[in-house]
Structures are given as C-alpha cells and as structure tokens.
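Taking it in order: structure first as structure tokens, then the write-up.
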Amino acid sequence: MAAPSFSTTALTPVLIHLLRGASDLASVAATHAKILKAGVASTLASSNHLLAAYCRCGAMSRARELFDGMRDRDVVSWTTLMSGYTASGRSREAVSVLRAMEFSGVQPNVVTLSTAASACARLADAGLGRQVHARAEVAGCARDTIVSTALIDMYGKAGRVDDSRAVFDGMAAPAMNAVSWGAMLAVYAQNALGNEAIQLFAELRTSGNGLAPNHFMLSSVVSACASVVRLSIGKCVHGAVLRLGHGNNEVVAVALVDMYSKCGCYEYSRKVFDRIEQPSIIPYTSIIVAAAKYGHGKCALALLGEMVDRGVQPNDVTLLGVMHACSHSGLVDTGLQFLHSMQSKYGIVPCPSHYTCAVDMLGRAGRLEEAFGLAKEAQVEGNEALLLWNSLLSACRTHKRLDLATLAGQRVSEFNQDVAGGLVVMSNAYASAGQTENAAAVWSSMRQRGIQKDPGCSWIEVKDIPYVFYAGAVSCAGARADEVLMLLDELEYKMREKGYRGRLGSARVSDAHEDDGDGGKGVMVGVHSEILALGFGLLVVPKGMTIRVMKNLRMCCDCHETFKLISGIVEREFVVRDLNRFHHFKTGSCSCNDYW
DNA sequence: TTAGGGTTAG
C-alpha cells in the first residue's frame with residue numbers, strides 16, 4: 001500500500017484556521033465535512049482540533065460522539081472534553097470525565113487539574129474540590145500558579161475562605177501574579193469580608209512585587225467597600241480607578257454605582273452610571289436598585305423605559321428592582337401592574353421574591369386585606385414564605401391591626417426555623433396596641449426557647465474608622481460619651497419647644513424593635529442606637545458635611561421623627577441607611593415623605 | 001500546540 005501523501009497526514013493550516021475561527025456548529029460541521037472529503041487522516045491532533053471546535057460552540061453531544069469514536073485519546077482530548085462540559089454548565093459531567101480519564105490510565109496534568117478545580121468552583125462543591133486538590137498534591141502541581149488560583153477560586157465559591165487563603169499563602173512569591181491576587185481579593189469580596197479584602201489590597205500596594213491593580217482587583221475591592229459600607233476607602237479606590245485608567249470599564253463602574261448607593265450617596269451613583277456609554281442590563285439594574293432604595297420610583301420607571309428603548313431587555317432582577325422602587329415611593333398600583341404583566345410584557349414569570357415585594361408594598365400602604373389575599377394566592381414555600389409572612393406581620397403591626405397580626409403570626413410560627421424576627425414583630429404589635437403584658441410574654445417565651453435576635457446597632461464612619469453604637473450604650477464614643485449625652489439633652493429641650501412629646505435620653509416605652517441583647521429588658525429600651533450615632537456624628541463630623549448613619553434594623557417611627565426634627569434644628573443633612581432603604585433628612589423632612 | 005485561573009446588579 002502506498003504511503004499517504006503529505007496532504008493527508010495532518011490537518012492543513014487552512015483547515016486549522018477554519019476550525020479556530022468557527023464559533024457556530026454549522027461552520028464547524030462544514031469544516032468537519034471538508035476534512036472527511038479531503039481524506040485527511042484522522043490523527044490524534046486533528047481529532048483534538050475538531051473536538052475543541054465542537055466544544056467551543058457548545059455542541060457537546062457532537063463533541064462526545066467524536067470523543068467516543070476516537071481510537072486514541074491523550075490528556076489533551078480528555079481535558080478538552082472536561083473544559084467543554086464546564087463551559088456548557090455541565091460541571092458534574094466534567095468531574096466524572098476526570099474519573100474516567102484516570103480509570104483509563106491517562107495522568108492529569110496542570111491544565112486538567114485547573115479545569116477540574118474550575119468545574120468544582122462552578123458547583124460550589126468544596127468536597128469534590130478537595131478531592132481535586134488532593135490529586136493535584138499527588139501529581140505535584142498544587143503549587144502551580146494556575147492550579148493554585150483555580151483552587152483559591154473554588155474554595156471561595158464554596159464559602160471556604162480560610163482554605164482559599166491557605167492555598168494563597170502556600171504559593172511561592174514568584175508564582176503569585178495579578179490573577180492570583182485578584183482571585184483572593186474576589187474571594188473576600190464575594191464572601192462579604194470587605195475589611196479583609198481592603199487589608200489584602202493594602203498589602204498588594206505595599207508588598208505586591210510592584211503589581212499594578214487591574215480592573216479585576218479594583219472591581220472586587222470596590223465591591224468589598226460596599227459590603228462593609230466604607231465610603232472613604234471606596235472614594236480612595238475610585239481615585240485609583242481613575243488614575244490607573246479603568247474609569248471606562250463597565251464592571252468597575254457597576255461596582256462603583258453599587259458602592260456609592262450602599263454608602264448613602266445616590267448622586268454619586270448616578271454620576272458614575274451616567275458616564276457609562278452603552279450600559280448593559282447589569283448597570284441598568286444596578287442604578288434601578290439604587291433608585292429604589294432611595295424612593296426614587298419615577299426615576300426607576302424612567303430608567304426602565306430608557307433601557308427598553310435602547311434594546312436592553314430587563315430580567316427578573318431588574319423588575320424586582322422596579323417593583324421595590326414602586327413600593328418605596330407609594331406607587332402601589334403601578335407596582336401591582338408590574339407583577340401582573342411581567343410575564344406577558346417581558347416574558348418573565350414572577351418569582352417568590354416578586355410576590356413578597358408586592359405583599360410588602362400592599363402591607364405598607366395599609367391595604368392589608370389585599371395583601372393577605374395575594375399572600376395566600378402566591379405559591380410560595382419555605383424560607384421565601386417565612387419572609388413573606390414576616391413582612392405581612394410587620395405591616396399589621398404598623399397599621400395596628402392586631403387581629404390580622406395574630407393570623408400572620410400563626411403562619412410565621414408554623415415555620416420551625418429561626419423565627420426571632422417574627423416574634424420581635426409580634427411583640428411590637430402587642431406593644432403598639434398597648435398590650436404590654438402580651439408583648440412581655442412573647443419576649444419571655446423567646447428567652448425560654450433560647451431564641452436570640454441580632455442586637456440592634458448603628459454605626460458611623462469617622463475619618464475611616466467605624467464607630468458602632470448599641471441601644472442605650474454610649475461607651476463607643478469614648479472620651480466624648482458625656483458630651484454626646486449633654487448634646488442629646490440639649491436637643492431634646494429644643495425639640496420640646498417645637499412640640500415634641502417623646503423622650504430621647506432615658507428609657508422609654510416604645511417599639512421593642514431594638515433590644516440591647518441581654519434579653520432581660522422586655523419592651524423597656526433605652527435610647528436607640530441611631531440616635532447615639534447621630535449625637536456622636538454631630539460632635540465629630542464637620543459642619544457642612546452630611547452625617548451618614550447605618551443601621552442593621554429598620555428605623556422606628558420615633559427615631560424617624562426625631563431625625564427630622566433635629567435636621568431642622570441643627571440645619572444639617574443626615575442620611576440613614578436602615579435594613580430596607582435610605583432616608584435623607586434635610587430641613588426638618590425626609591426624602592421618604594414618611595412612606596417606607 | 002489541540003486543553004487551564006480572577007471582576008459587576010438581587
């Protein structure tokens with residue numbers, strides 16, 4: 001038999017070029033046909049090229065068919081198939097390919113193991129990931145830059161931050177590059193460990209072998225600042241973003257929009273958003289969510305209209321943002337229309353969160369019967385249902401509807417989960433209705449059952465340092481504690497001149513939404529934490545600067561009134577971020593128009 | 001020479 005001619009021994013450069021450029025199944029299949037027609041011998045390399053091309057266009061059944069028919073398979077063939085499955089969102093199959101590969105006697109290399117780690121990252125499965133890690137140790141490549149980086153990411157996505165850091169710390173200095181630093185920063189940011197991310201970023205700048213921060217690192221650090229509400233550092237990082245020339249990167253811009261919004265600076269969010277040239281769905285959603293938190297409902301609706309006009313289709317997150325915006329602006333009927341038309345108008349089936357938002361919206365508007373009707377109608381289960389009934393319970397309490405509160409309270413208690421939030425609201429509902437004995441009974445039952453709630457706290461950032469205040473405890477103000485108390489006394493006096501009838505600086509019977517955590521005070525609480533943070537802020541934040549207070553619970557009506565009065569008396573602006581939204585106090589009134 | 005790592009909205 002004659003030796004094959006040169007042209008049939010391997011893929012010609014032209015065919016390789018065609019395969020590389022092919023991004024759709026039709027052109028890959030056409031090139032495949034050309035190869036068969038030309039009688040090109042199917043060498044291992046040519047099969048691998050074809051396999052990769054099928055994987056690149058996501059045609060995994062064709063890829064598998066080809067793979068199964070191959071006479072020889074090397075580590076590249078196996079890894080290509082794994083990578084194809086991972087990219088197609090079929091990570092479990094990718095991991096099973098690794099097992100089959102080892103069973104067939106082909107040894108994994110660094111590329112195989114980094115691909116496998118990446119598949120486990122997508123699954124957020126630390127158990128499987130640990131097995132890949134062990135294989136990498138056995139193969140002696142666990143300290144390879146790319147394998148280590150993939151492992152850092154894998155542990156982080158699975159929530160095992162300490163394991164990520166151990167891999168990072170185990171890397172030799174020369175193996176650390178911008179990607180491994182970026183991966184570690186992202187792990188902290190994604191796990192809401194903002195301060196650790198900020199700390200690591202500082203280490204990079206002082207001892208990072210001269211590595212310049214890139215847009216990956218910057219977006220993570222900005223998002224880290226958002227997660228811990230560190231405005232001043234966020235602004236510094238924004239400066240670095242501009243200096244380093246990443247101001248036009250959309251991902252970084254989205255992180256900035258989100259950071260400013262979460263730090264109480266909606267105007268800055270809007271400025272950053274307005275500089276994005278052709279915003280995609282994520283920047284639009286991000287600014288809509290920001291507008292929602294500040295009660296700018298009409299603005300959110302305008303942004304939705306603008307994005308649709310520009311051909312950017314909203315998704316479920318966008319529409320949830322729009323509904324929240326309606327909810328926080330009192331546009332109840334508009335919000336309900338969205339719920340009922342999102343499927344026909346945008347092709348999006350409402351999720352439990354959309355129903356919860358609508359129920360919450362009706363509840364806060366006092367339309368409690370409608371809210372109950374919708375809550376029963378919505379097919380919501382599990383944790384989502386708990387959230388939904390909790391929000392309804394809270395609305396019943398606000399509108400002093402003890403009859404309905406009891407009904408909602410029963411639904412909440414059906415969940416054998418952490419019901420602290422619901423019980424607190426129930427107790428508050430009793431307290432609001434003047435039934436202090438029932439309120440105290442709920443607290444006592446919580447104590448007996450060992451249920452604890454997060455203590456209410458508020459914090460304020462001064463010169464980059466967060467000061468955290470708990471109800472009734474002014475000690476965080478340090479040497480200035482007495483001054484804070486004196487200032488609050490003085491303000492209370494001035495408020496009384498304006499008709500204020502409550503009490504500021506001593507224990508008062510009021511909403512028990514905030515307890516100092518010892519569980520023994522029942523509904524008798526001292527001055528709320530946001531008032532203390534405000535008092536401290538008035539002393540230390542220079543006149544002319546907005547005082548920004550953060551709170552981990554919802555602000556109560558008393559404190560809301562107090563903040564309004566004080567903003568008029570001292571002629572200063574305050575921004576309060578509570579659990580749900582932002583309040584911007586100015587000249588005696590609040591941006592929420594008392595609707596929240 | 002065909003296969004590998006990090007970012008943004010809820």
So if I take every side-chain heavy atom of A:Thr79 and compare against B:dG4, B:dA3, B:dA9, which nucleotide ends up nearest?
B:dA3
Check the angle between the aromatic planes of A:Tyr294 and A:Phe582 and answer parallel, tilted or perpendicular using the 30° and 60° thresholds.
parallel
What is the nucleic acid contact for A:Arg56, judged by heavy atoms within less than 4.0 Å: base, sugar-phosphate only, or nothing?
sugar-phosphate
Please check the phosphate of B:dG5 (OP1 and OP2 only) for any side-chain N or O of A:Lys157 closer than 4.0 Å.
no
May I have the distance from A:Phe273 (atom CZ) to B:dT8 (atom C1'), rounded to whole angstrom?
13 Å
With a 4.0 Å cut-off on heavy atoms, is A:Val317 in touch with a base, just the backbone sugar-phosphate, or nothing at all?
base
Give the rounded distance in Å between these two atoms: CG of A:Leu204 and C1' of B:dG6.
13 Å
Quick one: the side chain of A:Thr149 and the base of B:dG5, do they pair up donor-acceptor inside 3.5 Å?
yes
Phosphate oxygens OP1/OP2 of B:dG6: is one of them under 4.0 Å from a side-chain N or O of A:Gln190?
no
To the nearest angstrom, how far is A:Tyr260 atom OH from B:dT8 atom C1'?
16 Å
A:Phe168, CZ: over 12 other non-hydrogen atoms inside 6.0 angstrom:
yes
Looking only at the side chain of A:Ser220 (C-beta and beyond, no hydrogens), which of the listed nucleotides B:dG5, B:dG4, B:dT7 gets closest?
B:dT7
Would you confirm whether A:Arg122, through its side chain, and A:Thr86, through its main-chain N or O, come within 3.5 Å as a donor-acceptor pair?
yes
Name the nucleic acid region contacted by A:Asn109, choosing base, sugar-phosphate or nothing; use a 4.0 angstrom heavy-atom cut-off, strictly under.
base
Taking atom P of B:dT1 as reference, at what distance in whole Å does atom CG of A:Leu50 sit?
14 Å
Could you tell me how far apart A:Phe216 (CZ) and B:dG6 (C1') are, to the nearest whole angstrom?
6 Å
Which one, B:dG6, B:dT1, B:dA3, comes nearest to the side chain of A:His49?
B:dT1
Specify the separation, in whole Å, of atom CE of A:Met323 and atom P of B:dG10.
17 Å
Against the side chain of A:Asn214, the closest entry in B:dG4, B:dA9, B:dG6 is B:dG6
Among the candidates B:dA9, B:dG5, B:dT1, find the nucleotide nearest to the side-chain atoms of A:Asn315.
B:dA9
Applying a 4.0 Å non-hydrogen cut-off, can you work out what A:Val222 is touching in the nucleic acid: base, sugar-phosphate, or nothing?
nothing
A:Leu331 to A:Met361 - nearest heavy-atom pair and separation
O-SD, 4.4 Å
Counting any heavy atom closer than 4.0 Å, what does A:Asp74 reach on the DNA or RNA strands: base, sugar-phosphate only, or nothing?
nothing
When you measure from the side chain of A:Asp316, which nucleotide among B:dG10, B:dG4, B:dT8 comes out closest?
B:dG10
So with a 6.0 Å cut-off around CG of A:Asn315, is the heavy-atom count from everything else above 12?
yes
Spacing of A:His583 atom NE2 and A:Met555 atom CE [to the nearest 0.5 Å]:
6.5 Å
To the side chain of A:Leu320, which of B:dG10, B:dA9, B:dA3 is closest?
B:dG10
Would one find more than 12 heavy atoms of other residues, nucleotides or ligands at under 6.0 Å from atom CZ of A:Arg310?
yes
If you take atom types as modelled and just measure distance, does the side chain of A:Asp144 reach the base of B:dG4 with a donor-acceptor pair under 3.5 Å?
yes
Would you classify A:Ala116 as touching base, sugar-phosphate or nothing, given that sugar-phosphate means primed atoms plus P, OP1 and OP2, and contacts are heavy atoms under 4.0 Å?
nothing
Mind calculating the distance between CG (A:Leu185) and P (B:dG5) to the nearest angstrom?
19 Å
Which nucleotide sits closest to the side chain of A:Ala183: B:dG6, B:dT7, B:dG10?
B:dG6
Heavy atoms from C-beta onward define the side chain here; which of B:dA3, B:dG4, B:dA9 lies closest to that of A:Thr80?
B:dA3
To the nearest Å, give me how far apart CG (A:Leu211) and C1' (B:dG6) are.
13 Å
Given B:dA3, B:dT8, B:dG10, the nucleotide with the shortest approach to the side chain of A:Ile282
B:dT8
Please confirm whether the shortest side-chain N or O distance from A:Ser83 to OP1 or OP2 of B:dG4 is below 4.0 Å.
yes
